[in-house]
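I have placed the structure first, in the form of structure tokens, so that the comments after it can refer back to it.
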Amino acid sequence: MKDEQGRGGAGEIAPVPWFGTETVEAALVVCRRLEGDRTDAFLEAALESAGPCTRFGFGCALEELDGSGVGRRRGAAPAAPRAARLLPAGSAVLEAWQSHWSNGYRTFKWKVGVEEGKDERVLLRKLLAALPAEARLRLDANGAFSAAGCAAWMEALAGEPRVEFLEQPMPPGYERKMASMAEASGVRVALDESVATREQAERCGAEWPGIFVLKPALFGAPRELRAWRRGREDRIVYSTAFEIGPGGAAVRALAAEAPSRFAPGFPVA
Ligand SMILES: [Mg+2]
């Protein structure tokens, strides 16, 4: 975007429709409507009805134009804490963590619900037998578990201080069930798919007592994320989605505004 003086502001729109965002086509319709000279009121109104990724892109560009928010912090953001390192699914996990550990990683993320639950829990026991006491492990089920599967995992994870949280064990819509199982087992649970966009977060996450994985590029305009995270700052895990350029820088700047105790889920080289 450019202002009257010809100064530019950049934003990135990277929709992920299976997370409940708009499509690229829908984002392009909004972009075309906003081409040319438009008043601020027109822009506000158009963005109000746009999808969350479009609101993120334009919100970032506007903040860069007026030098506020992510525009002010971009480039000046403090170094992000060491990100969580993704481990491979299946038995490869038992080898993979060691080289990451020697490269300084202490927080690991492991996708579960990929193979048979019983087999994965055998691997979990082997992994926990090997991981040092300072290691932190987060397990991401991508909503794959039934209530019975979730209970079996919580039993396996209960009382293990190295397990940071179990991420989205059941699909969106089961937040109450997940909250009561988390409370009964003492295993911390994080929502991800349930709270991808601001609309979803308001619907499924308002009462959530646990942790939130937030992907700012899918959530909405930066100001919407700031409003929503108020009072929840210490329960947020920041994560990237598929944004790469200005979007990635803005996501890091947003995370740096309200540092979290959780290692972010940012891509690592
Ligand atoms: Mg996840």
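Counting starts at 1 for both ligands and their atoms, in listed order. Computed from a prediction, not measured in an experiment: that's the story for all the values here. Count residues from 1 along the sequence. Reckoned from all heavy atoms, side chains included, excluding hydrogens, waters and symmetry mates.
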Closest non-hydrogen contact found for Glu120 with Gly113 is OE1-N, 2.8 Å
Restricting to N/O/S, name the atom of Asp140 that gets closest to the Mg ion (ligand 1).
OD2
Specify whether an N/O/S atom of Asp192 falls short of 2.8 Å from the Mg ion (ligand 1).
yes
When you look at CD of Glu44, are more than 12 heavy atoms from neighbouring residues, nucleotides or ligands closer to it than 6.0 Å?
no
What is the name of the N/O/S atom of Glu167 that is nearest to the Mg ion (ligand 1)?
OE2
Run the salt-bridge test on Glu164 and Arg138 with the 4.0 Å N-O cut-off and return the result as yes or no.
yes
Hey, are the side chains of Met178 and Phe145 touching, using non-hydrogen atoms and a 4.5 Å cut-off?
no
